[in-house]
Visitor: 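Take a look at the following structure, please.
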Amino acid sequence: MYFNEDNPEKENLGESEKKIESLEEKICPDGSIIYDNVTGEMICSSTGEVVSRIIDYRQEWRAFTPEEREKRSRTGGPLTPVMHDQGFMTSIDYVDRDASGKKLSPRRRYEARKLRKYQAKARMQISIERNLALAIDELEKLSEALNLSKAVKQRATEIYRRAIEKGMVRGRSTENVVAAAIYLASRELGVPRMLDEIAKHTNCSRKDIARCYRLLLRELNLKVSSVDPADFVPRIAHALGLGGAVMKEAIDIINTVRSLGITSGKDPAGLAAAAVYIAALKHGERRTQKEIAQVAGVTEVTVRNRYRELATVLGFREEEVV
DNA sequence: ATGGTTTTTACTGCGTC
DNA sequence: GACGCGGTAAAAACCAT
């Protein structure tokens, strides 16, 4: 069992998501379009042909509170000033005397103190910026390897920034936190990457990333709804060269089964894998359990177990379809 | 720390190509 | 015989208490 929050309802989506939906209707009136969130292709489920490639209209950041919205809008002047001037770093002596050794007046002392305080803050800012720049480098490389969308990248950056502002990176490897941020961001945006997949491209173990991910959730007070198994379907089907019709079928299977309680507590990738297996069978495009398990990131055994459950619930028998 | 649930690992038998 | 599939037992992983 991976994540057993049980939250079947979809988060309501932003304005721009609606734009995509209306686009779907325009192209295919029966609504049977599948959006492949890996390639960004729209696929007609009846013919399986790629209808169009679309770009992601969504903002690459999300705001949960008005303050955040304010903070993340990039129009207008920068709210967190970046210090270019190294000369600004000249430290102000902690002795309350001026250059000639004379004691400062109370007024000037106050000002000096204020300046020191501001300077400390600025120094902090700079160290954060420097670390962030390094992290963004790593993040860029990783998301390149993982084919991540801009939105996910941006969100991951935001998450990392908040993590570092909380001082969470100290004592942890940057790579680890970056990986966790990416994992978190990809889940938030409904394009989940699997832990193993991320771990494969880093020097971090899956466990480390998972631990770090949990920490991020806790420290930043973030809440992520459980992964929708259907989100995995396009990835799996695509990797096996299966068409849109099979994807649609698999998603249908998941949706009909969703309410029956079989899904809770189970690895969503396993369920998606089994659904694709059945869907492929139904369409006479058999793929072996081994193949599916491999691309889904689960074991054959898990595929089998989910398959068995699905088959009994759906009353599915292989002989029925040829 | 402990227990309960789930996945993984490893191994076996059976049927088919 | 190799391969796909189904099953099982024991280990490992995960979450909650």
Side-chain angles (χ1 to χ4, degrees), chain A residues 1-8 172 176-177 179-184 186-188 192-233 235-237 239-242 246 249-250 253-254 257-322:
Chain A
M1 180 216 283
Y2 281 138
F3 312 100
N4 69 346
E5 316 113 66
D6 228 306
N7 185 7
R172 261 173 275 275
N176 219 322
V177 182
I182 284 178
Y183 178 64
L184 175 47
S186 73
R187 285 188 53 158
E188 263 188 0
R193 301 286 125 150
M194 279 157 283
L195 275 173
D196 288 312
E197 205 178 351
I198 297 178
K200 205 169 62 189
H201 295 277
T202 62
N203 294 318
C204 317
S205 70
R206 190 189 59 204
K207 260 202 278 188
D208 286 337
I209 300 176
R211 195 182 312 136
C212 200
Y213 161 74
R214 249 178 282 285
L215 197 77
L216 281 176
L217 279 189
R218 185 147 28 86
E219 292 297 314
L220 302 180
N221 290 320
L222 293 173
K223 186 84 168 63
V224 177
S225 58
S226 58
V227 174
D228 183 352
D231 286 340
F232 286 115
V233 169
R235 294 160 42 67
I236 297 171
L240 295 169
L242 292 166
V246 178
E249 181 82 44
I253 290 173
I254 290 172
V257 145
R258 193 192 300 279
S259 51
L260 274 55
I262 319 177
T263 55
S264 77
K266 307 286 171 57
D267 182 354
L271 185 73
V276 171
Y277 179 67
I278 292 181
L281 239 46
K282 271 192 175 180
H283 285 77
E285 298 202 60
R286 184 184 204 105
R287 294 294 184 277
T288 66
Q289 296 177 353
K290 192 175 170 187
E291 285 176 298
I292 291 187
Q294 204 159 7
V295 302
V298 296
T299 351
E300 293 172 64
V301 181
T302 305
V303 176
R304 274 203 283 277
N305 289 336
R306 290 301 89 74
Y307 166 65
R308 197 173 32 184
E309 290 164 13
L310 285 183
T312 60
V313 167
L314 296 170
F316 173 78
R317 272 177 298 120
E318 205 179 321
E319 309 88 62
E320 281 175 21
V321 62
V322 177

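To find a chain, count down the sequence lines: A is the first, B the second, and so on, and within it residues start at 1.
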Visitor: Taking NZ, NE, NH1 and NH2 as the nitrogens, is one of them in E309(A) or R306(A) under 4.0 Å from a carboxylate oxygen of the other?
Guide: yes

Visitor: What pair of heavy atoms forms the shortest contact from I236(A) to A272(A), and how long is it?
Guide: CD1-CB, 3.9 Å

Visitor: How close or far is atom P of dT8(B) from atom CG of D267(A), stated in whole angstroms?
Guide: 6 Å

Visitor: Decide if atom CD of Q294(A) counts as having more than 12 heavy atoms of other residues, nucleotides or ligands within a radius under 6.0 Å.
Guide: no

Visitor: Below 4.0 angstrom, N of the basic side chain to O of the carboxylate: do D208(A) and R172(A) qualify?
Guide: no

Visitor: When the distance from CZ of R214(A) to P of dA13(C) is rounded to whole Å, what number comes out?
Guide: 13 Å

Visitor: Specify the separation, in whole Å, of atom NZ of K207(A) and atom C1' of dC14(C).
Guide: 10 Å

Visitor: Which distance, rounded to the nearest 0.5 Å, do you find between the CD of Q289(A) and the OG1 of T299(A)?
Guide: 11.5 Å

Visitor: How would nucleotides 2-12 of chain C be written as a contact map, 5' to 3', with B for base contact, S for sugar-phosphate-only contact and - for no contact, using protein heavy atoms under 4.0 Å?
Guide: --SSBB-----

